[in-house]
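Quick caveat: nothing in here was measured; it's all calculated off a predicted structure.
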Amino acid sequence: MARKVIGGLIQMSNPINDPSASVQTIRDAMFEKHLPLIEEAGKRGTQILCLQEVFNGPYFCPSQDAKWCDIAEPIPNSPTVERLSAYAKKYQMAMVIPIYEREMAGVYYNTAAVVDADGTYLGKYRKNHIPQTNGFWEKYFFKPGNLGYPTFQTRYAKIGVYICYDRHFPEGARLLGLNGAEIVFNPSATVAGLSQYLWKLEQPAHAVANGYFIAASNRVGTEAPWNIGRFYGTSYFCDPRGNMLAVGSEDKDELVTAEMNLDLIEEVRRTWQFYRDRRPETYENMVKQLP
């Protein structure tokens, strides 16, 4: 029997872009807006569903306003993760749930919790690479991840998570493969402009270099009051040969799904023996600090 898995990605615009609205109001509206598409994913037989980066709010990093810390929650004791775990159990659907994590007062991470198809919490990934540039002041809000590059054995596949800016760094993408990932999910919040041409270039390259599937999600719309640009969606699934299996629109709230045949991983890796032919003993300089 072929190991076929149905994956789902939700891309969503923020419903409230009113600077006078409270953080809690904006958060709750975004959560509620996701529920119909989460239900749709379950009813359509999605087996692993991934939401977008910090899914239950706007991408608030163009600001440097500490009020957005109010959206952060502890993980695993997160009310948001607990609520969505009930949907995971209801539909027998594993989920990748990216939220703003509060570790303790003053220590916050950009994190994705992973829940299995019975609602069991499996663990979390903390975004390792944190940008700090115009419109993306993430170092103000997020401490760099400290959990490495874990993988999670769900009922349907072993998965890894890489969050947004992480995708520019092939080292972690390789480590996820070495740690056994069959599908790597990349929840993102990225706008049209400088990096859009890389969106369908870098991650298919990771898929080919590592012989696994990529599932990349990105939000849509514009978000006031910051208006840093248009989030261009285009969420997609890519196979280990770099072929696109399904691609979302640039401007619509939608569920993007694809069937992934995990047996293709073995087939591809028997052809392209990149893991066999690696020379880690020659890579010492790669991990040295630059002067």
Q) If every non-hydrogen atom of A215 is compared with every non-hydrogen atom of L9, which pair is closest and at what distance? A) CB-CD2, 3.9 Å

**Q.** Neighbour count above 12 (heavy atom, 6.0 Å) for K4 NZ
**A.** no

Q. Are any non-hydrogen side-chain atoms of L49 and L255 less than 4.5 angstrom apart?
A. yes

Q) Is it true that a side-chain atom of D239 and a backbone atom of N243 form a donor plus acceptor pair closer than 3.5 Å? A) yes

(Q) Parallel, tilted or perpendicular, judged at 30° and 60°: which one describes the rings of W199 and Y236? (A) perpendicular

Q. If you measure from the Lys or Arg side-chain nitrogens to the Asp or Glu carboxylate oxygens, is any gap between K143 and E103 under 4.0 Å?
A. no

Q | Any F60 side-chain heavy atom under 4.5 Å of D65 side chain | A | no

Q) So Y87 and Y91, would you call those rings parallel, tilted or perpendicular, with 30° and 60° as cut-offs? A) parallel

Q.
Which label fits Y108 and Y100: parallel for a plane angle under 30°, tilted from 30 to 60°, or perpendicular past 60°?
A. tilted

Q.
Can you see whether S217 engages Q52 through a side-chain donor-acceptor pair at a distance of less than 3.5 angstrom?
A. no

Q: Determine, stepwise, if the pair E32 / R83 fulfils salt bridge (charged side-chain N to carboxylate O under 4.0 Å, His left out).
A: CA-CA 11 Å; E32 292 299 324; R83 285 188 67 186; 3.5 Å; yes

Q: Might you confirm whether atom CH2 of W226 has over 12 heavy atoms from other residues, nucleotides or ligands at distances under 6.0 Å?
A: yes

Q) Does any donor atom in the side chain of R155 or Q92 lie under 3.5 Å from an acceptor atom in the other side chain? A) yes

Q) What about H34 and F31, are their ring centers closer than 6.0 Å? A) no

Q) Quick one: are E73 and N56 in side-chain contact, heavy atoms under 4.5 Å? A) yes

Q) Do R219 and E53 meet the salt-bridge criterion of a basic N to acidic O distance under 4.0 Å? A) no

(Q) What I want to check is whether the side chains of S13 and K252 have a donor and an acceptor closer together than 3.5 Å. (A) no

**Q.** Within 45° cone and under 6.0 Å: R126 NZ/CZ vs Y109 ring
**A.** yes

Q) Are E39 and R44 within salt-bridge range, i.e. N to O under 4.0 Å? A) no

Q.
Distance alone, cut at 3.5 Å: any donor-acceptor contact between the side chains of N261 and R3?
A. no

Q: Dump the intermediate steps for side-chain contact (heavy atoms from CB on, under 4.5 Å) on L122 and V115, then the final yes or no.
A: CA-CA 5 Å; L122 295 179; V115 173; over 6 Å; no

Q.
If I take atom CG from residue D277 and atom CD from residue Q273, how far apart are they, to the nearest 0.5 angstrom?
A. 6.5 Å

Q: State whether the number of non-hydrogen atoms from other residues, nucleotides or ligands found under 6.0 Å of E281 atom CD is greater than 12.
A: yes

Q: Report yes or no: do Y121 and D116 form a side-chain donor-acceptor pair below 3.5 Å?
A: no

Q. Does R269 reach the side chain of I265, with side-chain heavy atoms less than 4.5 Å apart?
A. yes

Q) Quick one: are T111 and Y125 in side-chain contact, heavy atoms under 4.5 Å? A) no

Q) How many angstroms lie between atom OG of S188 and atom CG of D166, to the nearest 0.5 angstrom? A) 9.0 Å

Q: Considering only NZ, NE, NH1 and NH2 on the basic side and carboxylate oxygens on the acidic side, decide whether R230 and D251 come within less than 4.0 Å.
A: no

**Q.** Trace of the salt bridge (charged side-chain N to carboxylate O under 4.0 Å, His left out) decision for K124 with E101
**A.** CA-CA 10 Å; K124 61 190 174 185; E101 180 192 6; 2.6 Å; yes

Q: Could you tell me which non-hydrogen atom of M30 sits nearest to which non-hydrogen atom of G57, and how far apart they are?
A: CG-N, 3.5 Å

**Q.** Check against side-chain contact (heavy atoms from CB on, under 4.5 Å), V184 and H206
**A.** CA-CA 10 Å; V184 172; H206 294 332; over 6 Å; no

Q. Checking salt bridge (charged side-chain N to carboxylate O under 4.0 Å, His left out) for the pair K127/E138: CA distance, chi angles, key distance, verdict?
A. CA-CA 11 Å; K127 184 175 181 177; E138 293 199 11; 2.8 Å; yes

Q | Where L262 and E182 come nearest, the two heavy atoms and their spacing | A | CD1-OE1, 4.0 Å

Q: Would you mind reporting whether Q11 and E254 have side-chain heavy atoms less than 4.5 Å apart?
A: yes

Q | With M95, the side chain to side chain contact (heavy atoms under 4.5 Å, CB included) member among I48, L84, V81 | A | L84

Q. Can you say whether the rings of Y59 and F136 are parallel (under 30°), tilted (30 to 60°) or perpendicular (over 60°)?
A. tilted

Q. If we only count heavy atoms from C-beta on, is the C61 to F142 side-chain gap below 4.5 Å?
A. yes

Q.
Are E202 and F169 packed together at the side-chain level, in the sense that at least one heavy-atom pair is separated by less than 4.5 angstrom?
A. no

